Amino acid sequence: MAAASSETSKTILKSEALYKYVIDTSVLPREPDCMRDLRLVTDKHERFFMQSSPDEARLLQMLIKLTGARRTLEVGVFTGYSLLATVLALPDDGKVIAVDVSREYYDIGRPFIEKAGMAHKIDFREGPALEHLDALLADEANHGAFDFAFVDADKPNYVRYHEQLLRLVRVGGVIVYDDTLWAGMVALPPDAPLSEFDRRTSVVMRDLNAILAADERVDVCQLTIADGVTICRRLV
């Protein structure tokens, strides 16, 4: 199995050597060919940085299997690397509703999903996720009907997604938020030299982290995988 490329090395670990050791030892040897092929194609895309890292994909698969998830949601798809990881972990009758504003990116990954025999598990919906989640909420049968959700989309709407997903995901279900440490920038001092985009986004993620930490409706675990991953387990 190929070693991690510079594009694949999406991590806030200070030691690149340690990250490479983790990836090469316990992640890439278990990465299916279909996921590897899609990852390598996406690594060449101009927006490669939007792709989930291989270790994060393994985490998602482990969570799905540990929770016995069958119905899941994915908010933000890009080329579908994390989506492919999800459907591979779901049972054969599992389903995921995947929402993204761009079908163009999803179409890059769809041939890999089809080749893996996983397309039947995916209900892809194009357009703003807030609207699609509201449409799901309009049907009471969807309330608490999902076991798992993964969010890697427009950061300013994470708090709104959280409120929607808490109604869609069942008690005991899991919601995972990506990029919650924003490459470590959330911990930098206010006068740190950042681009305006990174400064705004780090503020958004700090606000989200504070809200999740204080939310008594969920258990929260924040991990330093990729650009920060926060796992929420719905309690009520």
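Computed from a predicted model, the values in this text were never measured in an experiment.
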Where the side chain of [X] meets the backbone of [Y], is there a donor-acceptor pair that is under 3.5 Å apart?
X: Lys95; Y: His120; answer: yes
X: Arg206; Y: Val186; answer: yes
X: Thr67; Y: Ile64; answer: yes
X: Asn142; Y: Leu136; answer: yes
X: Asp215; Y: Ile211; answer: no
X: Lys155; Y: Val204; answer: no

Any chance you could measure [X], atom [atom1], to [Y], atom [atom2], to the nearest 0.5 Å?
X: Leu165; Y: Phe148; atom1: CG; atom2: CZ; answer: 11.0 Å
X: Leu133; Y: Leu168; atom1: CG; atom2: CG; answer: 6.0 Å
X: Arg217; Y: Leu212; atom1: CZ; atom2: CG; answer: 9.5 Å
X: Leu83; Y: Ile113; atom1: CG; atom2: CD1; answer: 4.5 Å
X: Thr72; Y: Leu63; atom1: OG1; atom2: CG; answer: 12.0 Å
X: Leu84; Y: Cys34; atom1: CG; atom2: SG; answer: 4.5 Å

Between Gln61 and Arg30, is the side chain to side chain contact (heavy atoms under 4.5 Å, CB included) condition met? List the steps.
CA-CA 12 Å; Gln61 290 184 312; Arg30 290 176 176 260; over 6 Å; no
Inter- and intrachain pairs under ring-ring contact (aromatic ring centres under 6.0 Å, His included), touching residues 70-91, at least two apart
His45-Phe78, Phe78-Tyr105
I need the full list of side chain to side chain donor-acceptor pair (under 3.5 Å) pairs touching residues 164-174, with sequence neighbours left out, sorted by first then second residue.
Asp134-Gln164, Asp147-Arg170
Any side chain to side chain donor-acceptor pair (under 3.5 Å) pairs touching residues 183-198, not counting sequence neighbours?
Trp182-Asp198, Ser195-Asp198
List in chain and number order the residues that pass side-chain contact (heavy atoms from CB on, under 4.5 Å) with Phe112, two or more places apart in sequence or in another chain; answer none if no residue qualifies.
Asp37, Leu38, Val41
Under the rule for side-chain contact (heavy atoms from CB on, under 4.5 Å), what residues qualify as partners of Ala192, not counting sequence neighbours?
Leu188, Pro189, Leu194
For a 4.5 angstrom cut-off between non-hydrogen side-chain atoms, does [X] reach [Y]?
X: Leu223; Y: Leu59; answer: yes
X: Ser26; Y: Val22; answer: yes
X: Phe49; Y: Arg47; answer: yes
X: Phe146; Y: Leu73; answer: yes
X: Ser52; Y: Asp152; answer: yes

Pairs touching residues 123-133 that satisfy salt bridge (Lys or Arg N to Asp or Glu O under 4.0 Å), sequence neighbours left out:
Arg103-Glu126, Asp123-Arg125
Salt bridge (Lys or Arg N to Asp or Glu O under 4.0 Å) pairs touching residues 105-117, sequence neighbours excluded, are Arg110-Glu114
Which pair of heavy atoms, one from [X] and one from [Y], lies closest together, and at what distance?
X: Ala129; Y: Val99; value: CA-CG1, 3.7 Å
X: Tyr158; Y: Val151; value: OH-O, 3.3 Å
X: Met118; Y: Leu88; value: CG-CD2, 3.9 Å
X: Tyr19; Y: Pro54; value: OH-CD, 4.2 Å
X: Val27; Y: Asp55; value: CG1-N, 3.8 Å
X: Pro91; Y: Ala69; value: CD-O, 3.4 Å

Test side chain to side chain donor-acceptor pair (under 3.5 Å) applied to [X] - qualifying residues, sequence neighbours left out:
X: Thr180; result: Gln222, Thr230
X: Asp154; result: Asn157, Tyr161
X: Arg70; result: Asp93
X: His132; result: none

Tell me whether Arg36 is salt-bridged to Asp33, with the criterion being a basic N under 4.0 Å from an acidic carboxylate O.
yes
Sorted by chain and residue number, the salt bridge (Lys or Arg N to Asp or Glu O under 4.0 Å) partners of Arg71 (sequence neighbours excluded) come out as none
Residue pair His143, Leu137: steps toward the side chain to side chain contact (heavy atoms under 4.5 Å, CB included) verdict
CA-CA 6 Å; His143 293 195; Leu137 286 167; 3.9 Å; yes
Ile175 vs Arg234, test: side chain to side chain contact (heavy atoms under 4.5 Å, CB included). Steps then yes/no.
CA-CA 8 Å; Ile175 306 169; Arg234 183 183 168 189; 5.7 Å; no
Are [Y] and [X] connected into the same hydrophobic cluster when the rule is that any two of I, L, V, M, F, W, Y join if their side-chain heavy atoms are below 4.5 Å apart?
X: Leu235; Y: Ile231; value: no
X: Ile23; Y: Met62; value: no
X: Val203; Y: Phe197; value: no

Please determine whether side chain to side chain contact (heavy atoms under 4.5 Å, CB included) holds for the pair Val229 and Leu60, giving the CA-CA distance in whole Å, both sets of side-chain angles, and the decisive distance to 0.1 Å.
CA-CA 10 Å; Val229 175; Leu60 296 177; 5.9 Å; no
